[in-house]
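First the structure, in the form of structure tokens, and then the observations on it.
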Protein chains: 2
Amino acid sequence: MSKQAIKLSVDAVVFGYEEGNISVLLIKRKFEPFKGQWAIPGGFVEHDESLETAVERELLEETGIKINYLEQLYTFGKPKRDPRGRVVSVAYFGLVRPNTFDIFAATDAEQVQWFNSNELPKLSFDHKEILNTAIERLQGKITYEPLGFELLDKKFPFSDLEKLYTTLLGRDIDRRNFRKKIIGLNVLDELNEKVSKGSGRPANLFQFNKKRYFQLKKEGIIFEI
Amino acid sequence: MSKQAIKLSVDAVVFGYEEGNISVLLIKRKFEPFKGQWAIPGGFVEHDESLETAVERELLEETGIKINYLEQLYTFGKPKRDPRGRVVSVAYFGLVRPNTFDIFAATDAEQVQWFNSNELPKLSFDHKEILNTAIERLQGKITYEPLGFELLDKKFPFSDLEKLYTTLLGRDIDRRNFRKKIIGLNVLDELNEKVSKGSGRPANLFQFNKKRYFQLKKEGIIFEI
DNA sequence: ATATATTTGTGTATAAATTACACATAATGA
DNA sequence: TCATTATGTGTAATTTATACACAAATATAT
């Protein structure tokens, strides 16, 4: 064979959320190409592992993060996207809960850091395009799949959910109508626990009931905001 | 290198439509594995071609079809999906207009044929799964993207569109309300041409105005049925 | 040529969903 | 105890979706 084979990699755009900010997990590359530049975590797929396994392995190896939700995003395969040769990358997008924040750098990563999604550094390869695709997907999907809960703590006050949606959708929402709608979807359990952060009336905690959600979905009842 | 490299292929689920029937383009495999069995068209990606080019090339080579609409579907990468070794396949889904029906068999195809989507034969590899994914995507997307027009002739009577949606959505729709809605979307040009097929009042022809659609989309006006 | 069958084309009234909007409650802190 | 801050709740107005029937234009059969 005269030509080198096509290589297959996986990359993951990992979103976090805290205090009204969407953040993205990036690594600083330790090696060429793009040494010292920021990139989304990822790496080559090994011969006998599934794509999902590869993503999870790379994320763990490079950043120490435990992903909460993972879905395939898109496969990027332009011939010149990697200067090392032909590399096709299957991109994933993932969501993590806020207090999974015990990240560390390892293997090809010199540094790992959360970046506010509107203060992103220059990225390596075509990672900017991958990231944009992921943001679009997240914003699009949040209205018809209950992804938001994957970004919040298991138990959360309603205002957290509200703020999250305000952030993700990039526009104000009516507090009363939003609550009415979400409660009407019947996928939240209201707990008998209150939490109070700072001044103001303490808030009741809620919990997403995934089981009920899947039940309703099976019955053809759709989640939509 | 002791292990063989991962190979990359593309496959395409191509949908056609005629007379109230969704059809899928399949080839009968000429070689092992799965020799003599039906499969969706596809093949290995060459070193310097983009994924889209690879799909279009394979489709042309194997079936002679000219695709009208093509989008990436999903990448299938389970380690054991191909008995020849590790093959990861980027699947696409395509739509063709009815009178592009000059198909022929070539290269690895012994035969090419349109199958009614609810009378499909047993398929090779994990192609059943790929096909199901494509059908889901088509049905899901048809309501919020104007894909339907890609399956009709450029000029079509309104009833064609209506029948197409009835078929794709798998349920009856109210003729008057449907027409009201579609006309209200402002993406159809009504032509001064009539067509009459068989008995009944002749129908006016319509044409999808792609330019206007993109204009409206840019203005944030969404297509939804 | 006349009647019958077939398909296209159109409006209105009702129901359902979405939106707009304001004040009481429970806590903190000065 | 008074001011401040965040939570929690209902109703009316508007918009959108649904249900529904008959006239117009042609082909076909008698």
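All figures in this text were calculated on a predicted structure; none of them were measured in a lab. Lettering of chains follows the sequences in order, A, B, ..., and the numbering in each one begins at 1.
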field: Base D:dA21 to side chain B:Arg176, donor-acceptor N/O within 3.5 Å cut-off
entry: yes

message: Before we go on, tell me: are the rings of B:Tyr165 and B:Phe178 under 6.0 Å apart, centre to centre?
response: yes

message: Let me spell it out: for each of B:Gly200 and B:Asn204, pick the nucleotide of DNA chain C with the closest heavy atom. Which residue's pick is nearer the 5' end?
response: B:Gly200

message: Would you call the rings of A:Phe149 and A:Phe208 parallel, tilted or perpendicular, taking 30° and 60° as the class edges?
response: parallel

- prompt: Would you call A:Lys197 and A:Asp160 a salt bridge, using N to O less than 4.0 angstrom?
  reply: yes

message: Ignoring hydrogens and geometry beyond distance, is the side chain of A:Arg175 in donor-acceptor contact with the base of D:dG8 at under 3.5 Å?
response: yes

query: Taking CD from A:Glu190 and C1' from D:dT9, how many angstroms apart are they, rounded to a whole number?
result: 12 Å

- line: Quick note, B:Ser199 side chain, CB onward, closest among C:dA27, D:dG8, C:dT6 is C:dT6

query: When you check the gap from the basic side-chain N to the acidic O, do A:Glu129 and A:Lys78 get nearer than 4.0 Å?
result: yes

- prompt: Less than 6.0 Å separating the ring centroids of A:Phe15 and A:Tyr17?
  reply: no

Short N/O separations, protein against nucleotides 12-18 of chain D, under 3.5 angstrom:
| residue | atom | partner | partner atom | Å |
| --- | --- | --- | --- | --- |
| D:dT18 | O4 | B:Lys180 | NZ | 3.3 |

- request: Would you mind checking if B:Lys181 and B:Glu224 are paired as a salt bridge, meaning a charged N to carboxylate O distance below 4.0 Å?
  value: no

- prompt: Between A:Arg179 and A:Phe158, is NZ or CZ placed under 6.0 angstrom from the six-membered ring centre and within 45° of the ring axis?
  reply: yes

- prompt: Can you tell me how far P of C:dA17 sits from CG of A:Leu185, to the nearest Å?
  reply: 12 Å

field: Distance, rounded to the nearest Å, where B:Ile183 contributes CD1 and C:dG9 contributes C1'
entry: 11 Å

message: From C-beta outward on B:Arg201, which listed nucleotide comes closest to its side chain: C:dA26, D:dA27, D:dA24?
response: D:dA24

- prompt: Using a heavy-atom distance cut-off of less than 4.0 Å, which residues of residues 141-174 of chain B contact DNA chain D?
  reply: B:Asp174

statement: Here the distance between atom C1' of C:dA16 and atom CD of A:Glu224, to the nearest Å, is 15 Å

- prompt: Taking atom types as modelled, is there a side-chain donor on A:Gln215 or A:Tyr213 under 3.5 Å from an acceptor on the other?
  reply: no

- request: Starting at atom CZ of A:Phe178, determine the distance to atom P of C:dA17, rounded to an integer number of angstrom.
  value: 19 Å

task: Choose from C:dT10, D:dA27, C:dA26 the nucleotide whose nearest atom is closest to any side-chain atom of B:Arg179.
output: C:dT10

- prompt: Any chance the side chains of B:Gln207 and B:Asp189 put a donor and an acceptor closer than 3.5 Å?
  reply: no

